[in-house]
Amino acid sequence: MTLHLVPPASKPPKTEREKILAKHAATVRAYMLKCPRCGGVEVVQTTIGVEVTAPGKTRGGTKQWVCFHCMARGERVICR
């Protein structure tokens, strides 16, 4: 039995969404938070599980950065 080499498949063309995200990512600075889903840079910091003390200060909780655009559409996308 002989082995036959299969030529590598060509990459599929980029979708319209991938083109837009790549163009947007090129214009945004590397240190800015970006949404992995929509590429937006507007984020909101949410705190989950906060305890409010008697003087009105907060204690504890878990902070997360969430994409504002995805949140407006009803999705919760965490930006890292």
Side-chain angles (χ1 to χ4, degrees):
M1 181 159 106
T2 59
L3 294 176
H4 298 282
L5 295 178
V6 178
S10 61
K11 292 183 179 179
K14 288 188 174 182
T15 63
E16 204 57 41
R17 178 180 175 201
E18 290 174 339
K19 289 178 186 177
I20 292 171
L21 284 176
K23 183 179 178 183
H24 182 69
T27 61
V28 176
R29 303 208 191 279
Y31 57 82
M32 291 183 72
L33 286 175
K34 292 174 248 173
C35 176
R37 185 170 295 167
C38 72
V41 292
E42 292 182 338
V43 294
V44 179
Q45 182 178 5
T46 61
T47 309
I48 303 166
V50 175
E51 181 182 334
V52 180
T53 61
K57 296 189 176 186
T58 59
R59 179 172 55 187
T62 303
K63 294 181 181 178
Q64 291 180 337
W65 293 95
V66 181
C67 176
F68 179 76
H69 293 290
C70 293
M71 185 75 110
R73 285 184 267 162
E75 303 170 0
R76 186 178 179 89
V77 180
I78 298 170
C79 302
R80 297 182 188 197

(Q) Tell me the closest heavy-atom pair linking C38 and R17, and the distance in Å. (A) N-NH2, 4.4 Å
Q: Please name the pair of heavy atoms, one in V43 and one in C79, separated by the smallest distance, quoted to 0.1 Å.
A: CG1-SG, 3.7 Å
Measure the [atom1]-[atom2] distance between [X] and [Y] for me, rounded to the nearest 0.5 Å.
X   : Y   : atom1 : atom2 : answer
Q64 : T47 : CD    : OG1   : 9.5 Å
R73 : C67 : CZ    : SG    : 7.0 Å
R76 : T46 : CZ    : OG1   : 4.5 Å
K63 : Q45 : NZ    : CD    : 5.0 Å

Q. Is Y31 reachable from V41 through a run of I, L, V, M, F, W or Y residues, each pair having side-chain heavy atoms under 4.5 Å apart?
A. yes
**Q.** salt bridge (Lys or Arg N to Asp or Glu O under 4.0 Å): pairs with one or both residues in residues 23-49, sequence neighbours excluded
**A.** R37-E75
